[in-house]
Amino acid sequence: DVQLQASGGGLVQAGGSLRLSCAASGFTFDDYAIGWFRQAPGKEREGVSCISSSDGSTYYADSVKGRFTISSDNAKNTVYLQMNSLKPEDTAVYYCAADWSGSGSWSGPMDPDPDYWGQGTLVTVSS
């Protein structure tokens, strides 16, 4: 069975940091781009960041560029999202997702309807 296990959410003050983790299993990790979407109350879901497991190409939404860093540990089939300089507007449920990207070159953003979704993890940034 495919599993995307997200963790690392929590409550943090503005300016603080959190690191989200997404542990994947049940599919060939290297053939997929892994990424994060988020959805705040009353707002549409948006793509935040994603990374190609095959070549390490990354994508960031403009709203998080320079503050968030995505990385992949292929030996552990895990993707991390380091979130620094957090703002109250980053408050949302963050969802891990995986979408097939193959072994060739890839560029984001991730398809808004990816192949697999994980459960969400809540990030709350207080002002």
Side-chain angles (χ1 to χ4, degrees):
D1 290 351
V2 171
Q3 288 194 357
L4 293 168
Q5 185 69 37
S7 61
L11 172 63
V12 65
Q13 289 188 333
S17 299
L18 283 174
R19 188 177 80 156
L20 305 184
S21 299
C22 176
S25 61
F27 60 91
T28 304
F29 189 79
D30 289 356
D31 286 343
Y32 283 76
I34 311 294
W36 297 89
F37 292 81
R38 68 185 180 186
Q39 188 164 22
K43 295 187 177 181
E44 292 188 355
R45 186 173 60 210
E46 65 167 332
V48 175
S49 181
C50 47
I51 185 168
S52 165
S53 301
S54 62
D55 67 5
S57 301
T58 59
Y59 165 84
Y60 297 94
D62 288 343
S63 57
V64 305
K65 279 181 182 176
R67 301 188 297 122
F68 290 11
T69 302
I70 194 167
S71 61
S72 177
D73 185 337
N74 287 30
K76 296 182 178 180
N77 285 6
T78 300
V79 168
Y80 304 97
L81 185 68
Q82 178 66 43
M83 306 186 296
N84 298 328
S85 302
L86 283 161
K87 305 174 181 180
E89 51 264 43
D90 294 317
T91 295
V93 177
Y94 284 70
Y95 296 92
C96 179
D99 198 44
W100 190 87
S101 59
S103 58
S105 62
W106 171 92
S107 61
M110 183 176 284
D111 188 313
D113 186 20
D115 294 324
Y116 305 116
W117 287 101
Q119 91 288 5
T121 185
L122 177 62
V123 172
T124 304
V125 184
S126 63
S127 57

A.B. asks: Measuring from Asp30:CG to Asn77:CG, what's the distance to the nearest 0.5 Å?
C.D. replies: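 Asp30 CG to Asn77 CG: 7.5 Å, rounded to 0.5 Å.
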A.B. asks: Donor-acceptor check, side chain of Thr91 to backbone of Val125, threshold 3.5 angstrom: yes or no?
C.D. replies: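 The answer is yes, because a donor-acceptor pair under 3.5 Å joins these two groups.
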A.B. asks: CD1 of Ile51 to OG of Ser57: how many Å apart, nearest 0.5 Å?
C.D. replies: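 Nearest 0.5 Å value for the CD1-OG distance: 8.0 Å.
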A.B. asks: Verify, without hydrogens or angle tests, whether Tyr60 (side chain) and Ile70 (backbone) share a donor-acceptor contact under 3.5 angstrom.
C.D. replies: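 Yes.
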A.B. asks: Assess the pair Phe27 and Trp100: is the distance between their ring centroids shorter than 6.0 Å?
C.D. replies: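 That pair fails the under 6.0 Å test.
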A.B. asks: If I compare all heavy atoms of Asp115 with all of Asp99, which pair ends up nearest, and what's the gap?
C.D. replies: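 What the structure gives for the nearest pair is N-OD1, 3.1 Å.
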A.B. asks: Flag yes if Trp106 and Phe29 sit in one hydrophobic cluster, no otherwise; membership is Ile, Leu, Val, Met, Phe, Trp, Tyr, and two members link when side-chain heavy atoms are under 4.5 Å apart.
C.D. replies: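 No.
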A.B. asks: Are Leu20 and Val12 co-members of a hydrophobic cluster defined by side-chain heavy atoms under 4.5 Å apart?
C.D. replies: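 Yes, same cluster.
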A.B. asks: I need the minimum non-hydrogen distance between Ala33 and Met110, along with the two atoms involved.
C.D. replies: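 Result for this residue pair: O-CE, 3.3 Å.
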A.B. asks: Look only at the side chain of Ser52 and the backbone of Asp55, and say whether a donor-acceptor pair between them is shorter than 3.5 Å.
C.D. replies: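 Answer holds: yes.
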A.B. asks: Are Ser63 and Glu89 close enough, and set up right, to give a side chain to side chain contact (heavy atoms under 4.5 Å, CB included), and what steps lead you there?
C.D. replies: CA-CA 10 Å; Ser63 57; Glu89 51 264 43; over 6 Å; no
A.B. asks: When you measure from the side chain of Asp1 to the backbone of Gly26, do you find a donor-acceptor pair of N or O atoms at a distance under 3.5 Å?
C.D. replies: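 Between the backbone of Gly26 and the side chain of Asp1 there is no qualifying donor-acceptor contact (under 3.5 Å).
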A.B. asks: Which label fits Tyr116 and Tyr32: parallel for a plane angle under 30°, tilted from 30 to 60°, or perpendicular past 60°?
C.D. replies: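 Answer is tilted, since the angle falls between 30° and 60°.
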A.B. asks: If I compare all heavy atoms of Pro114 with all of Phe37, which pair ends up nearest, and what's the gap?
C.D. replies: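 In terms of heavy atoms, the two residues are closest at CG-CE1, 4.2 Å.
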A.B. asks: Answer yes when Asp90 and Lys87 have at least one side-chain N-carboxylate O distance shorter than 4.0 Å, and no when they do not.
C.D. replies: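 Between Lys87 and Asp90 there is no salt bridge, as every charged N stays at least 4.0 Å from the carboxylate O atoms.
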A.B. asks: How close do Ala14 and Ser127 get, counting heavy atoms only, and between which atoms?
C.D. replies: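 Taking Ala14 first and Ser127 second, the nearest heavy atoms are CB-CA, 4.4 Å.
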A.B. asks: Set out, in order, the CA-CA distance, both residues' side-chain angles and the distance that settles side chain to side chain donor-acceptor pair (under 3.5 Å) for Ser17 and Asn84, then state yes or no.
C.D. replies: CA-CA 4 Å; Ser17 299; Asn84 298 328; 2.9 Å; yes
A.B. asks: When you look at Ser21 and Lys76, which way does the side chain to side chain contact (heavy atoms under 4.5 Å, CB included) test go after all the steps?
C.D. replies: CA-CA 11 Å; Ser21 299; Lys76 296 182 178 180; over 6 Å; no
A.B. asks: Over all heavy atoms of both residues, which pair between Leu4 and Cys22 is shortest? Give the atoms and the distance, please.
C.D. replies: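 Of all heavy-atom pairs spanning Leu4 and Cys22, the closest is CD2-SG, 3.9 Å.
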A.B. asks: According to a 4.5 Å side-chain heavy-atom criterion applied to Ile, Leu, Val, Met, Phe, Trp and Tyr, with indirect links allowed, do Val48 and Met83 form part of one hydrophobic cluster?
C.D. replies: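 Looking at the clustering, Met83 is in the same group as Val48.
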A.B. asks: What's the spacing between Ser126 OG and Leu86 CG if we round to 0.5 Å?
C.D. replies: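 Reported to 0.5 Å precision, the distance equals 10.0 Å.
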A.B. asks: Calculate, to the nearest 0.5 Å, the distance between atoms CD and OG1 belonging to Gln5 and Thr121 respectively.
C.D. replies: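 If I round to the nearest 0.5 Å, the distance is 9.5 Å.
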A.B. asks: When you measure from the side chain of Ser49 to the backbone of Tyr59, do you find a donor-acceptor pair of N or O atoms at a distance under 3.5 Å?
C.D. replies: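 Yes, the answer is positive, given that a donor and an acceptor are paired below the 3.5 Å cut-off.
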A.B. asks: Could you state whether Leu11 and Phe68 fall into the same hydrophobic cluster, counting links through intermediate Ile, Leu, Val, Met, Phe, Trp or Tyr residues with side-chain heavy atoms under 4.5 angstrom apart?
C.D. replies: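 Different hydrophobic clusters.
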A.B. asks: Taking all atoms of both residues into account, what is the closest heavy-atom pair of Gly108 and Cys50, and its distance?
C.D. replies: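 Closest pair (atom of Gly108, atom of Cys50, distance): CA-SG, 4.4 Å.
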A.B. asks: At what distance, to the nearest 0.5 angstrom, does OG of Ser54 lie from CG of Asp31?
C.D. replies: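 Going from OG on Ser54 over to CG on Asp31, the span is 7.5 Å.
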A.B. asks: To the nearest 0.5 Å, tell me how far Ser72 OG sits from Leu81 CG.
C.D. replies: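 It comes to 12.5 Å.
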A.B. asks: Is the backbone N or O of Ala92 less than 3.5 Å from a side-chain atom of Gln39, with the two atoms forming a donor-acceptor pair by type?
C.D. replies: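 No, the answer is negative, given that no donor and acceptor are paired below the 3.5 Å cut-off.
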A.B. asks: Answer whether the closest heavy-atom distance between the side chains of Val79 and Cys96 falls below 4.5 Å.
C.D. replies: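 Not in contact.
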